[in-house]
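Throughout, protein chains are lettered first and strands after them, A, B, ... in sequence-line order, and every chain is numbered starting at 1. All heavy atoms count here, side chains included; hydrogens, waters and symmetry mates do not.
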Amino acid sequence: MEADVVRSEMVLPPVMPFKRVQMGDKYQKGQSRGRYWKHLKQLLQAENFISLPLDEPNYLNIESPPSMYPSKKYCDITGFEAPYVDPRTKLRYADPEVFKRVRNLPNEHVQRYLALRNAAVIIR
Amino acid sequence: MGEIRIARQSDYDLFSPTTPIVIDNGGSTFRIGWAGESDPRIMFRNVAFRPRHRSTGETVTVVGEHDPALFKYFDCTRSSWRSPFDNNVVYQFEIMEYVLDYGFDRLGASSSMAGKVDHPILMTECICNPVYSRAKMAELLFETYGVPSVAFGVDAAFSYKYNQNLGICAEDGIALSIGFMTTHSIPILKGEPLPEGSCRTNVGGYHVTNYLKEVLSLKYPYHAPSITWEKAEELKREHCYVAPDYPSELQIFKKETKEAEEKKWVWQLPWVPPPQEELPSEEELARKAAIKEKQGQRLREMAAAKRSQKITDLENELHVLETLLSQLDEAELPEVASSILARSGYLSRQEIESAHSRVSQSLRKARGEPAVTVEENTDTATSADKYPLVSIPDEMLTPDQLKEKKRQIFLKTTSEGRLRAKQKRAEEEMMRERQNQLEEGRRLENPELYLEELRAKYKELSEKIDQRKRLKTNGNGNGNGNGTGNGNNVSGGTGRGERLNAAQRERMRLLTTALFDKGKGEDTFGLKDEDWQLYKLMSKDTDDDDDDVVNPDEAELERVAAKLQEFDPSFVGRAEAELMQSTQEPPRPRALTAEDYQVVLGVERFRCPEVLFQPGMIGEYQAGIDEIVSHSLRRLPNLDSSIKDRMCQSIIVTGGGSLLPGLEQRLETGIRATRPYLSPLKIVRAVDSVMDAWRGASVYAASELFSTQTFSLEDYNEKGEDWLKRCNIVYSLYD
C-alpha cells in the first residue's frame, strides 16, 4: 500500500478486533453477492401484506395516494408552463424559440429529458 | 458534514458497557456517537465503495468520503459507490456491515480487547420498516458484533421529542421529516407517534439534487463533466430556494424583469483565457526573417543542384542517341545497321529519332527555354508514317503484323482522343475567361445591381437544393423511420412522403408487382436472376440518377457563393448560418470568452425544490409534501377535530431537506389549503434539522428507563419475527 493511503486510513482493514465473525470468513471471495440480497420490491412481496389486517399500518399502507391536484405541465427545457407537446419527441415546450431548440436536440438529450420526467420508453 | 479525514476517537474504553451507542442510520449520512452527548462523534456519507487496488490487485473497501486525490491508486472503473439503502429501507447488509465496521472503528472500538461491541445500541429506522430488514439488522448486530441489546426508533419521532423538550412544539403535533429519498408526515399524540396516521411520499433531497444535476447537464452539455453530484449538492445547498408561489415566480423569470436578473446566480467555471500573442519584437522578426532566408537559400541551392544534375544526365543521353544515329548513318550495310539497332535496344531508326527529340525537348525545358511545340505538329503530320500498318487491309498482313496493326490502331485512337480532349478543355477555358470578363465588366459598371443579382441567384439556388434535399430525406426518412423506429425521424404511421414523391410511388409499384407474380399463383420471384435487378431499379440509396442533376446546381451555387464572399461584406455562408443556429455549445471558430464558461442558475434555483411539492415533475404520481399532511390527518378518523387542530398548531419540519429557504412559508400555504377555513396552523422548523434526530435519540438512550425498551438476542430467539414486528419503543420515557 502506498504511504499516503496507509496514512489516511481510508481502506478498511480485513480484521476488526470488535467483530465476532470477520468479513473474509462470512463472504467467501469470488462468490457473487449481488444477487444474495433481496431488493425492496422482493422484500415487500415476501412480507405478504395482503394477509395482514388492513388497519394495521405497514410499509405499503402508509404510502401516499396520488395527488389531489392535477399535475401541471412544465416545459422540459426551460421550466416555464408548457401548453404544447412536440408530437415527434413528446417533449413539452413553452414557446416557438424553445421549439426550435427541441427540434435541434440530439436524440440522447431527448431521451434524458424524457427520463427526467419518467416518460422515456425503454426498449430492451 | 463532509470531513475528509475523520480522526479515530481514543476514549472508547472510558465508557462503561452500560453506555449505549446511538446510531442515526440515515439515507444520506451515518451518525454515531455516545448516548448522553450533544453531538455525534462520527458522521460520514452512508456509502461504501469496493475498488481494486492497482498495485496489489486486491479488492479493498472504502467507506464514506475521502480525499479524491488518493483514488488514483485504485481502479475505480468497475465499481461504484453503493448505499445499503433501497429507497429508505436497508436491504444490503454486506454494505451495512462495512459501514458499521468503519463507524465502530472510528469510534475507537478497535482499541477494546472485548472482541465484540459491548454496548447496547439504539438505531434509527424508518417508520413501519419491513420486519425482514429489521430482523436482518438485529441479526447483524447480535451475531457479528456481539451487541448485548438493541432498540429501534423512528428518527422523526426522536427529532420531535427533542424539539418538544426545547419547547418548540407541543405534546400533540405532526412531524414532517424530509429525508433523502422519502418524506414522512407522522402525527404525534401525547408524545407517541401514530403509525396508522403516518404518510410517506417518495421524494426527498436526493430527487432535488438529481434533478438539478440533470437539468444543468442537459442545458450545458459542454460542462457536464464539471457538474458532479457533489457540486450539484453544493449548488442546491447554497442557492436553491422554494418559491412562495410557483406560477408567479415563473412569470417573473419569463418576463425577464430586473428582479429576475437579480435572482439569477452565475457559477463561473475555472477558465484560462488563451495567452495573448505577444507581438514579436524587432529582433525576433529580423531573426525569423534571416532563418527563413537561409532556408530558402538552401532549398534553392538544392533545387539548382538537382536541375544541373538532370541536365547533365539528359545531355549524356542525348549524346548517346546522337552517336547511335551517326553510327546508323555511317553504316553502309543493312546488317551492320540492324546489329547496331539490336545492341542498342531500339526497334527502328524512327524510334531512336523520336527518343532523341523527346530528350532534347526535356533538356530544353530543364534549361528553361520555351518548349518547342513543333513536335506536336510533326507528329500529327507523320501519323500516317507512324502507323503505317493501319491503312493496309487485314488480309495482306501476317499474324505478327496484325498484332502490330492492332497496337498501332489503339495508339492512334488514344493519341487522337487526347488531342481532342485538350482542345475541348482549351475551348472551355476560353469561354470561362470570356464570361468572367463579362461579369467583371458588369460589376464594375453597376456594383449594387450586380450584388443584388448575385444574392437573388444564391437564394434561389439554395432554396432549390434545400427543397430537393428535403424531399429526398423526407421520403427516405419516413421509410427508414418505419423500419427502425428510432432516431430523429420518428414519424407517425407510413409517411405521406412515401406516397407523394414520384420516385416513392414508382418504388411502391415495383414492390407490389414483384409480389404479384406472373406465374400461376405461386411466388416465383427470385428463381430467375433478372428478378433481383428489380432492387436495383427501386433502390433508394443510389445517388447516381440524382448526381447529374444536382451537381450543376451545386457547382453554380459554389461559384456564386465564392463571388459573394469576395464582394459582399455582409454575406454569411449557408453552412456557417446553420452552425450558429443549431449548436448549443460555443461554436469553435469564435474565440472562447469568459461567458462560455459560466453556468447560469436562473429558473433552476426554485424549479428543483419544486419537485418536493409537485412530484409529478419527475414522474412520481404521488402527493407533494404539503399534501401528505392532510392525508395523514385524514387517516385518523377517530380523532376529534379539536385534537387535529391542536396538532396543526405544532407542525415541525425536520430532516436535511428542510434547510431550503422559503420552505415553511410554502408549506403553510399548501397545508392551509387543505384545512378548514381559518383553522389554526403553525409550522416551525426544527432547531437543527440535520442533527436533531441523533440528539433526540441520544437523550432517549441516556434516560434510565432505556434498558426497558431494548431487546436482546434471547428475546428475539424466543419470541420470533412476529413479535419483532410489533415491537416498538415507547418514546415518552423521560417526560
Side-chain angles (χ1 to χ4, degrees), chain A residues 1-2 4-5 8-13 16-21 23 26-27 29 33 36-41 43-44 46-47 55-59 61-69 71-72 74 77-81 87-89 94 100-101 104 107 109 112-113 115-119 123, chain B residues 5 60-63 66-67 70 73 86-87 89 91-94 97-98 101-102 104-105 109-110 112 114-117 127-133 143-146 195-196 198-201 211 214 218 250 254 487-488 490 492 582 603 607 614 616-619 621-624 627-628 631:
Chain A
M1 284 282 167
E2 292 80 356
D4 37 357
V5 170
S8 72
E9 291 179 318
M10 59 192 274
V11 173
L12 281 182
M16 303 286 235
F18 50 84
K19 290 177 78 169
R20 285 223 213 119
V21 183
M23 281 305 252
K26 206 192 256 194
Y27 298 106
K29 234 176 112 167
R33 279 107 79 172
Y36 178 65
W37 300 110
K38 291 193 198 165
H39 285 265
L40 183 62
K41 271 206 199 128
L43 268 186
L44 296 175
E47 292 273 320
D55 47 358
E56 256 189 41
N58 54 51
Y59 190 79
N61 260 352
I62 63 175
E63 182 127 352
S64 144
S67 171
M68 279 190 304
Y69 305 109
S71 65
K72 280 246 165 65
Y74 296 106
I77 302 192
T78 55
F80 299 125
E81 287 217 14
R88 200 192 279 177
T89 54
K100 239 183 267 176
R101 279 170 66 184
N104 285 330
N107 187 36
H109 285 31
R112 277 169 71 182
Y113 272 119
L116 261 194
R117 239 200 309 140
N118 223 357
I123 304 170
Chain B
R5 172 109 189 273
V60 297
T61 317
V62 181
V63 175
H66 291 273
D67 187 2
L70 291 173
Y73 296 115
D86 183 356
N87 213 25
V89 171
Y91 82 109
Q92 236 278 23
F93 287 93
E94 184 191 340
E97 196 174 329
Y98 290 130
D101 278 354
Y102 185 74
F104 285 135
D105 173 62
S110 302
S112 117
K116 54 182 179 164
V117 177
I127 193 160
C128 298
N129 197 19
V131 71
Y132 180 85
S133 172
E143 284 166 22
T144 311
Y145 294 100
E196 56 268 20
S198 52
C199 184
R200 174 189 76 242
T201 181
Y211 197 65
E214 282 293 301
L218 285 167
L250 279 181
K254 192 151 179 143
N488 281 334
V490 174
S582 61
V603 181
R607 183 179 169 197
Q614 298 190 37
M617 281 170 81
I618 53 170
Y621 293 105
Q622 294 193 315
E627 233 185 295
I628 57 172
H631 283 306

- [ ] Answer with side chain, backbone, both or neither: which region of A:Glu47 has an atom nearer than 4.5 Å to a non-hydrogen atom of chain B?
- [x] side chain
- [ ] Answer with side chain, backbone, both or neither: which region of A:Leu12 has an atom nearer than 4.5 Å to a non-hydrogen atom of chain B?
- [x] both
Open item on the list: I'd like to know which of B:Ser112, B:Gly624, B:Cys199, B:Gly616 tops the heavy-atom pair count under 4.5 Å against chain A.
Closed with: B:Cys199
- [ ] Give the minimum heavy-atom separation between A:Ile62 and A:Pro57, together with the two atoms involved.
- [x] CG2-CB, 4.2 Å
- [ ] List in chain and number order the residues that pass side chain to side chain contact (heavy atoms under 4.5 Å, CB included) with B:Lys254, two or more places apart in sequence or in another chain; answer none if no residue qualifies.
- [x] A:Phe80, A:Ala94, A:Asp95, B:Gln251
TODO: Please determine, among B:Ser198, B:Gly146, B:Gly115, B:Ser133, the option with the most heavy-atom pairs under 4.5 Å with chain A.
DONE: B:Gly115
- [ ] Heavy-atom pairs under 4.5 Å with chain A are the metric here; pick the option from B:Ile628, B:Val131, B:Asn129, B:Ile127 that has the most.
- [x] B:Val131
Open item on the list: Tell me whether the rings of B:His66 and B:Tyr102 are parallel (<30°), tilted (30 to 60°) or perpendicular (>60°).
Closed with: perpendicular
Open item on the list: Given heavy-atom pairs under 4.5 angstrom as the criterion, report whether the side chain, backbone, both or neither of B:Val603 touches chain A.
Closed with: side chain
Open item on the list: Given heavy-atom pairs under 4.5 angstrom as the criterion, report whether the side chain, backbone, both or neither of B:Glu627 touches chain A.
Closed with: side chain
Open item on the list: Looking only at heavy atoms and a cut-off of under 4.5 Å, which of B:Asp105, B:Asp101, B:Val117 has the most pairs with chain A?
Closed with: B:Asp101
Open item on the list: Please classify the contact of A:Met10 with chain B as side chain, backbone, both or neither, using a heavy-atom distance under 4.5 Å.
Closed with: both
Task: Region of B:Gln614 that comes under 4.5 Å of a non-hydrogen atom in chain A - done: side chain
